[in-house]
Amino acid sequence: MNVRILGTAAGGGLPQWNCACATCTSARTGTGRTQDCLAISAGDGWYLLNASPDIRTQILRTDALTPGPGLRETPLRGVLLTSGELDHTLGLVALREAEQLVVYATPTVLEALPWRSLMEPYGRFDWSPVPAKLGTLAIETVPVSAKPPKYASGEADDWAVAYRISDGADVLVYAPCLPSWSDAFAATLEGASWVLLDGSFYRDDELERRTGVARTARQMGHLPIAESLPHRTAYPTTRWIYTHLNNTNPALDPASSEHLALLAADAELAEEDARLGSVG
Ligand code: MLT
Ligand code: MN
Ligand code: ZN
């Protein structure tokens, strides 16, 4: 399987447009991060995992997603959503000129997406529950969160899922939103080649300490790295990569003790525009 890490930041990206914190300030002159999104190959083409608000920039810089040779031919076949959150779905609107694109999500997310009806007159979309097979890929979803996005209401066990995707050789687990460490989630990691894991926050009280906003990481639906990292040792052959990085996360600074702790545990932060799997 080929995986392209298209974006690695939490909602808002890095820098966030209206933030003057030290991390965003240094990202303004150094290297920033676009919002969390992946592309994976499935033999017959490519699928996006989430559609970030930065998707246009991300597609334009990714050679594997270049259109052609036909005038409107694109290798992009569809989009698999982990949730209905804006930072994972607003990019759909930027893909509205599609001549044929399938959007896969859970029934609850498919029902709730406000821009589904908005997009219908613009392109050709199919909206579908997540299938068990897609091209050469076997797909499993694991429900991880019952919390609706802010624009919706009502709990449902499939508001957010993690994906386990296998092509027979490699297994990718993608969980950019993981509120807690469940047995079901732990089971999806068995034999995984790579896990791209919720790295929004390093500590539970980080948001309050850095911005004064009195919400914990767990209340926001994100298990902090400090609480997922101890599980790393149970999966020694899995490459352990944190993504969906929020601008408050101290591990973003390569010189920080948090970053060094992560490296010492044989984990890493996802890099923009990086490849996993056979290079092609
Ligand atoms: C999240 O990851 O918790 C959401 O993206 C939050 C948001 O969009 O405000
Ligand atoms: Mn998010
Ligand atoms: Zn900031």
Side-chain angles (χ1 to χ4, degrees), residues 5-38 48-55 58 79-93 105-106 108-109 112-115 143-153 155-156 158-163 174-180 196-225 227-228 242-253 256 258 269-270:
I5 301 179
L6 301 184
T8 60
L14 185 73
Q16 187 178 306
W17 69 276
N18 60 349
C19 187
C21 78
T23 311
C24 289
T25 299
S26 86
R28 269 188 186 89
T29 50
T31 43
R33 290 175 180 269
T34 60
Q35 292 161 83
D36 168 51
C37 196
L38 306 178
L48 295 176
L49 285 172
N50 288 327
S52 94
D54 300 312
I55 195 64
Q58 292 167 336
V79 184
L80 294 145
L81 301 176
T82 58
S83 74
E85 296 285 354
L86 299 196
D87 59 337
H88 286 154
T89 60
L90 269 179
L92 293 173
V93 179
T106 70
T108 299
V109 170
L113 272 183
W115 27 99
V144 293
S145 176
K147 186 169 84 73
K150 285 179 190 165
Y151 65 77
S153 60
E155 297 215 335
D158 60 349
W159 270 119
V161 297
Y163 282 99
Y174 178 49
C177 164
L178 189 72
S180 61
L196 280 149
L197 193 56
D198 189 340
S200 309
F201 302 104
Y202 198 91
R203 293 193 184 80
D204 202 34
D205 62 353
E206 180 179 309
L207 205 63
E208 173 147 35
R209 289 206 291 165
R210 292 220 160 188
T211 70
V213 174
R215 296 191 72 196
T216 66
R218 280 171 172 277
Q219 282 168 353
M220 293 194 66
H222 298 291
L223 189 69
I225 292 178
E227 292 174 46
S228 58
Y242 285 102
T243 193
H244 193 271
L245 307 164
N246 195 53
N247 55 21
T248 53
N249 192 325
L252 284 166
D253 175 359
S256 64
E258 290 83 358
L269 296 186

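Just so you know, ligand 1 is whichever comes first in the structure, and atom 1 is the first atom listed for that ligand. Note that the structure is a prediction, hence the values are computed from the model and not measured.
For atom 1 (C) of ligand 1, the nearest protein heavy atom (residue, atom name, distance) is His222 NE2, 3.2 Å. In terms of protein heavy-atom proximity, atom 4 (C) of ligand 1 is nearest to Glu85 OE1, 3.5 Å. With respect to atom 5 (O) of ligand 1, the closest heavy atom belonging to the protein is Asp87 OD1, 2.9 Å.
Closest N/O/S atom of Asp87 to the Mn ion (ligand 2): OD2.
The proximity of Met220 to ligand 1, defined as any non-hydrogen pair under 4.0 Å, is limited to the backbone.
Checked by atom type, the side-chain pair Asn50/Thr82 shows a donor-acceptor distance below 3.5 Å. At a cut-off of 3.5 Å, with distance as the only test, a side-chain donor of Asp158 or Thr108 sits close to an acceptor on the other residue. With 3.5 Å as the limit, one finds no donor-acceptor pair spanning the side chains of Tyr202 and Ser256.
Residue contacts to the Mn ion (ligand 2): His244 brings an N, O or S atom closer than 2.8 Å.
Annotation: side chain of Cys21 is not in contact with side chain of Thr248 (no heavy-atom distance under 4.5 Å).
Nearest to atom 9 (O) of ligand 1 by heavy-atom distance, out of Lys150, His88, Lys147, is Lys150.
One N or O on the side chain of Asp54 and one on the backbone of Gln35 form a donor-acceptor pair closer than 3.5 Å.
Distance CG/Asp36 to OG1/Thr243: 4.5 Å, rounded to 0.5 Å.
Atom numbering of ligand 1 starts at 1 in the shown order; those under 4.0 Å from a heavy atom of His244 are 2 (O).
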